[in-house]
Every structure is written in C-alpha cells, then in structure tokens.
Amino acid sequence: MNQEKTPSVLFVCSKNGGKSQLAAGLMRDLAGEAIAVYSAGTKPAKDLNPQAVESLTELGIDVTGEYPKPVTGEVLDTVDTVIVLGTEAKLEPVEGKRFEVWETDEPSERGIEGTERMRLVRDDIKARVQTLYTELTGN
C-alpha cells in the first residue's frame, strides 16, 4: 500500500460561497479520495451562491451540506497547497506551502450575468482544477 501522504488543497475566495466552492466541488468530483479538499473564505458569506450550486448540479456534482467557512490557521497548517480564486480575497502566502492566485474569468466585465456567467466561471475553474489535479497526483 502506498504510504505517501495524500496531497491536500485549500481553495480560498472572499465569501466561500461561489468560486472556492466551485473549485472544491470540481476537485472532489475529479479526485475522489486522491486529494483532500478544503474551501474557505476570507470574509465568509452566510450562504452558498445558488448559481454556483446550480452550475455544479448541472455536472452532477452535489454540494449539499457545504457552507461558507472562514480561513483558519488550523486548515492552513493541514494543507500543502493554497489556491486563492479571484483578486478580492487577500491572503498572505504561507511559508513552505504551494501558493497560487488564480485570476479567474470574470464574465460580468463583458456584460455576461446570471447562469451564463456562472457556467463560464465554472468552466474556467474546472480547466485549472484539472491541471492542478494532474500536478498534485502525477496522473
């Protein structure tokens, strides 16, 4: 049996209601047990963004039971990769951790809103998640 530590990743956005939940849901769906996935927000909202939830449901990904959570020292200590989605969330890089900021597609800047906007955001994040999955697992 492989004794290597399971790679772990924390997806962060400001509210932990949209982009970081999309990334976490997509990674959980792709990686199964191969990667430990966490998500959190620098200023957690009260609820998940319903359009984000819907855009995952369209892909057969169920995020029932998820809720916005704050970034904690405990979760930062646990993970080996931290991904910040978008430019709104501000988080200092943690020494010894892989740290990336993904400047995600923002269709609203092009006048695209609602469900269509969320699908574009989801698909942008999905492509990045697939690349990260490959990098973390070597698959």
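No hydrogens, no waters, no symmetry mates; every other heavy atom, side chains included, goes into these values. Numbers here are sequence positions counted from 1. This is a predicted model, so every value here is computed, not measured.
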Can you confirm whether E88 is buried at CD, in the sense that more than 12 heavy atoms of other residues, nucleotides or ligands lie under 6.0 Å from that atom?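 Check fails, neighbour count at 12 or below.
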
Step through the shown structure and confirm whether more than 12 heavy atoms of other residues, nucleotides or ligands are within 6.0 Å of NZ on K43. no

Quick one: do [X] and [Y] end up in the same hydrophobic cluster if we chain Ile, Leu, Val, Met, Phe, Trp and Tyr together by side-chain heavy atoms under 4.5 Å apart?
X: W102; Y: V79; result: no
X: V37; Y: I61; result: yes
X: F11; Y: L30; result: yes
X: L10; Y: Y67; result: no
X: L132; Y: V101; result: no

Do N16 and S39 have side-chain N/O donor and acceptor atoms under 3.5 Å apart?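 Yes - a donor-acceptor pair under 3.5 Å links their side chains.
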
Any side-chain donor paired with an acceptor under 3.5 Å for S108 and E106?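 Yes - a donor-acceptor pair under 3.5 Å links their side chains.
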
Is it true that [X] and [Y] have a side-chain N and a carboxylate O under 4.0 angstrom from each other?
X: R119; Y: D123; result: no
X: D62; Y: R28; result: no
X: E109; Y: R117; result: no

Value rounded to 0.5 Å, distance of [atom1] in [X] from [atom2] in [Y]:
X: R128; Y: L22; atom1: CZ; atom2: CG; result: 12.5 Å
X: T81; Y: K97; atom1: OG1; atom2: NZ; result: 9.0 Å
X: Q21; Y: C13; atom1: CD; atom2: SG; result: 7.5 Å
X: L48; Y: L56; atom1: CG; atom2: CG; result: 9.5 Å
X: L120; Y: I125; atom1: CG; atom2: CD1; result: 11.0 Å
X: L76; Y: F99; atom1: CG; atom2: CZ; result: 9.0 Å

Any side-chain heavy atom of K69 within less than 4.5 Å of one from V75? no

Evaluate the side-chain proximity of E100 to V84: yes if any heavy-atom separation is below 4.5 Å, no if none is.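 No, every pair of side-chain atoms sits at 4.5 Å or beyond.
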
Non-hydrogen atoms of R122 and S55 that approach each other most closely: NH1-O, 2.7 Å

